[in-house]
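Numbered from 1 within each chain, the chains take letters A, B, ... in sequence-line order.
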There are 2 protein chains.
Amino acid sequence: MSRPTVNDLAKAAGVSLATIDRVLNSRPGVREQTIRRVNEAIERIGFVRDVTAANLARQRRYKFAFVLPDAPGEFVTLLRSAVNEAAAGPIVDRMDLTVATVPPNDPHFLVKTLRRLGASQIDGIAIFAPETPHVRDEIAHLKESGVAVVALVSDLPNTGRDHFVGIDNIAAGRTAGVLMGRFMREIRGSVLVLASSMQARANAERRLGFDQVMATQFGAIEVLPSLEGHNDPETIRRIISAVLDSRKDIAGIYSVGTGNGVLVDLLKEMGRDQDLVVIGHELTRNTRRALEDGVLDAVINQDTGHIARSALRVLRAKTDGIDILSSQERIRIEIIIRENLY
Amino acid sequence: MSRPTVNDLAKAAGVSLATIDRVLNSRPGVREQTIRRVNEAIERIGFVRDVTAANLARQRRYKFAFVLPDAPGEFVTLLRSAVNEAAAGPIVDRMDLTVATVPPNDPHFLVKTLRRLGASQIDGIAIFAPETPHVRDEIAHLKESGVAVVALVSDLPNTGRDHFVGIDNIAAGRTAGVLMGRFMREIRGSVLVLASSMQARANAERRLGFDQVMATQFGAIEVLPSLEGHNDPETIRRIISAVLDSRKDIAGIYSVGTGNGVLVDLLKEMGRDQDLVVIGHELTRNTRRALEDGVLDAVINQDTGHIARSALRVLRAKTDGIDILSSQERIRIEIIIRENLY
DNA sequence: ATTGACATGAGGTACGTACCTCATTTAGGA
DNA sequence: TCCTAAATGAGGTACGTACCTCATGTCAAT
């Protein structure tokens with residue numbers, strides 16, 4: 001009934017408390033056969049370390065860091081806010097949390113930041129950055145030092161990171177594609193695709209998923225080549241209005257990334273805010289308003305609050321060597337329309 | 001920098017540790033002015049009780065119970081599974097969790113169950129049951145005894161419960177309505193509405209939301225009176241096929257509750273599995289398969305895992321007298337199609 | 001049998017807080 | 001001023017575990 005303690009475990013293994021401590025904390029000076037005996041007793045009586053008591057005894061502070069890009073996009077701002085909100089809640093009990101910002105296209109600076117963090121007795125790092133060979137190497141070093149590493153939003157699949165907290169962007173693009181095709185009354189015409197830059201892996205994956213669905217399920221709709229707005233309002237205005245002016249068959253717009261404020265304003269000015277199917281990503285202040293105004297028909301969202309909390313839970317679990325609850329840590333591809341806004 | 005302890009607080013308030021203990025734990029024998037002095041010191045130095053250290057000292061076990069209906073529906077089965085899964089995870093540290101089952105239409109048995117739980121030194125109860133005057137009274141008693149009460153899935157708005165963990169079913173119905181209208185290529189014809197029973201408050205609310213949207217945004221679509229299947233496969237088959245046979249203008253089906261297995265099978269048998277827009281609720285094994293097969297076009301879901309964990313977090317927070325993180329505890333109205341299945 | 005190195009045990013203190021007992025102080029009334 | 005009741009302080013033990021020191025035991029080699 002009651003939870004077995006280290007005293008129970010010592011009795012069960014036939015050793016002293018000091019030996020239990022040595023085995024549990026991998027201290028030197030214990031024979032293999034004694035270690036085996038203790039581990040068997042752990043299985044036998046179902047001993048589970050009381051992590052909160054241990055943290056009290058050792059005055060444990062978990063040192064975690066988020067490494068976020070210093071990018072102009074709204075999503076990063078939202079993510080930073082979410083990290084700050086999580087930092088003010090119960091999840092950070094006994095945690096020291098650092099947020100490090102790196103320029104988005106400077107792998108050298110990123111590596112330097114990771115190195116600095118690695119040298120500061122950090123327990124875990126959540127990284128939102130693209131994968132490069134140097135990043136891969138640095139993460140390998142972190143792993144060797146026993147630092148827990150979580151890839152945030154954008155996976156780092158070849159780095160040996162402990163966990164990925166984010167969505168499958170191909171599936172997100174597919175989701176957008178299905179909604180685009182289903183929301184159109186007639187399967188004809190063309191769809192304009194807007195992205196900040198197709199260099200970003202997430203954007204490329206979303207476009208790929210979108211194309212898959214449009215080609216297989218809505219073949220009579222032509223998906224136009226991606227227009228790159230580079231987060232520049234004037235560029236976005238120029239390229240979008242040029243296409244809308246020259247092609248009369250545009251039936252929908254898929255905005256692959258963030259930065260939807262300019263797009264929404266432009267559609268309103270052109271009087272095209274109610275006749276196109278417009279689908280974007282990420283629930284920001286701009287996309288919220290656009291959903292409410294009916295300019296945006298749906299937003300494919302990943303909840304930054306869930307992402308921030310999940311990263312912290314995973315980092316803590318990895319540091320403590322305990323299991324995570326998979327269903328809790330699976331970030332959803334959320335479809336948001338006006339009626340289910342939250 | 002470091003977190004103030006009870007020793008720091010004693011110094012700051014100019015009293016002994018024993019007095020601090022008396023004030024913090026509301027023990028008798030402390031003058032009002034001393035209490036005031038301690039509370040001012042708490043504000044001044046930002047003392048926050050270390051709940052985990054206190055729990056260790058007092059060998060605290062939280063005693064929580066879920067009161068669930070013994071109903072034949074899949075959703076309750078899913079919810080029970082979710083509670084069991086949560087019970088196997090880290091969230092139940094120092095918790096004793098009980099699941100009590102009550103017949104769905106027996107308020108008397110429910111009240112008896114609540115009374116029994118209330119008499120067992122329970123700290124908190126999560127209740128999935130309809131609100132009746134007797135239930136209201138019993139919850140009032142529980143509240144008087146300091147028991148935390150969370151309404152689960154179906155709100156108990158006039159009971160003084162501490163928190164509601166669930167979705168707004170009117171908004172869920174509206175969401176279904178928007179998808180129904182948007183997924184139709186032509187705004188005409190009629191929609192068949194299937195419910196287990198319209199007596200259930202959730203079902204009535206969903207139907208209300210659905211009607212609101214259909215009437216205001218898709219007025220040329222006729223929404224038929226609800227058909228009540230009473231969770232009986234034969235009844236469901238009979239009433240659905242009768243309508244589908246007699247009316248050739250049926251363009252969509254809205255299934256308000258659960259129990260979609262029979263509906264899906266029948267549509268397949270009748271060869272109507274690909275030409276209707278079919279929208280249902282709750283992500284169950286049946287609706288998953290139906291989404292994958294293309295019989296169901298969308299499912300409006302509330303994540304039972306999130307609900308179970310949220311209830312436990314809220315009950316624990318209420319018992320400890322600390323704040324909850326609102327954004328974490330807001331249950332989403334999820335739109336699930338095949339591409340964003342999880 | 002003796003010695004030395006390694007393994008293990010015993011006992012103590014610490015973490016922040018709860019809770020208990022008994023001694024001391026304080027405040028108010030006669 | 002004295003007495004009494006109430007308020008407060010002082011000190012100790014407990015929770016489960018970490019971590020330290022030093023004493024004791026074990027084993028292998030000489």
Side-chain angles (χ1 to χ4, degrees), chain A residues 1-42 45-62 90 93-96 123 319-322, chain B residues 1-42 45-62 90 93-96 123 319-322:
Chain A
M1 178 69 239
S2 69
R3 177 182 190 155
T5 67
V6 281
N7 281 300
D8 301 324
L9 182 56
K11 283 197 182 71
V15 298
S16 70
L17 219 38
T19 303
I20 294 294
D21 167 66
R22 290 179 185 121
V23 174
L24 286 185
N25 295 292
S26 306
R27 296 191 219 282
V30 191
R31 281 178 305 174
E32 276 296 324
Q33 73 190 51
T34 307
I35 294 175
R36 209 178 306 121
R37 199 151 98 234
V38 170
N39 284 327
E40 281 163 0
I42 289 174
I45 70 171
F47 173 80
V48 178
R49 170 185 275 203
D50 187 338
V51 174
T52 63
N55 286 345
L56 174 63
R58 70 203 295 193
Q59 301 212 50
R60 179 69 181 263
R61 304 287 302 180
Y62 299 87
D93 190 43
R94 294 182 153 82
M95 265 188 213
D96 296 326
D123 292 308
T319 305
D320 286 336
I322 64 178
Chain B
M1 178 66 238
S2 69
R3 179 182 187 154
T5 66
V6 282
N7 281 299
D8 301 323
L9 183 57
K11 282 195 183 71
V15 300
S16 70
L17 220 37
T19 303
I20 294 293
D21 166 64
R22 291 178 184 122
V23 174
L24 286 186
N25 296 291
S26 307
R27 297 192 217 282
V30 191
R31 281 177 305 174
E32 276 296 321
Q33 72 189 52
T34 308
I35 294 176
R36 207 179 307 120
R37 199 150 101 236
V38 171
N39 284 328
E40 281 164 2
I42 289 173
I45 69 170
F47 173 79
V48 178
R49 169 185 273 200
D50 186 340
V51 174
T52 63
N55 286 344
L56 172 64
R58 70 203 293 193
Q59 300 213 50
R60 177 69 182 261
R61 306 287 301 181
Y62 299 87
D93 190 41
R94 294 184 152 82
M95 265 190 216
D96 295 327
D123 293 307
T319 305
D320 286 336
I322 63 178

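Within the 4.0 angstrom heavy-atom criterion, base atoms lie near A:Arg22. Here B:Asn55 lies out of heavy-atom contact (under 4.0 Å) with every strand. Nucleic acid contact class of A:Arg27 (heavy atoms, under 4.0 Å, all strands): sugar-phosphate only. Residue contacts shown for B:Ala54 are limited to sugar-phosphate atoms, with no base heavy atom under 4.0 Å away.
The shortest distance between the side-chain N/O atoms of A:Thr19 and the OP1/OP2 oxygens of C:dT8 is not below 4.0 Å. Contact annotation: A:Thr5 side-chain N/O to D:dG16 OP1/OP2 distance is not under 4.0 Å. The shortest distance between the side-chain N/O atoms of A:Gln59 and the OP1/OP2 oxygens of D:dC19 is not below 4.0 Å. For C:dT8, one of the phosphate oxygens OP1 or OP2 lies less than 4.0 angstrom from a side-chain nitrogen or oxygen of A:Arg31. Checking the phosphate oxygens (OP1, OP2) of D:dG16, no side-chain nitrogen or oxygen of A:Arg3 falls inside 4.0 Å.
Rounded to whole Å, atom P of C:dG16 lies 15 Å from atom CG of B:Leu24. Distance NZ (B:Lys11) to P (D:dA10): 11 Å, rounded to an integer number of Å. A straight line from CZ of B:Arg60 to P of C:dG16 spans 21 Å, rounded to a whole angstrom. In this entry the distance linking CD1 of A:Ile20 with C1' of C:dG9 reads 12 Å, nearest Å. Here the P atom of nucleotide D:dT17 and the CZ atom of B:Arg94 are 9 Å apart, to the nearest Å.
Comparing C:dA18, D:dA10, D:dT8 by their closest approach to the side chain of B:Ala18 singles out D:dA10. Nearest to the side-chain atoms of A:Phe47 among the listed nucleotides D:dT17, C:dA7, C:dT17 stands D:dT17. Candidate nucleotides D:dG9, C:dT17, D:dA18 were compared by shortest atom distance to the side chain of B:Ser16, and D:dG9 ranks first.
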query: Can you list the steps and then say if A:Asp50 with A:Thr52 is a side-chain contact (heavy atoms from CB on, under 4.5 Å)?
result: CA-CA 6 Å; A:Asp50 187 338; A:Thr52 63; 2.8 Å; yes
field: Check against side-chain contact (heavy atoms from CB on, under 4.5 Å), A:Ile42 and A:Leu24
entry: CA-CA 10 Å; A:Ile42 289 174; A:Leu24 286 185; 4.0 Å; yes
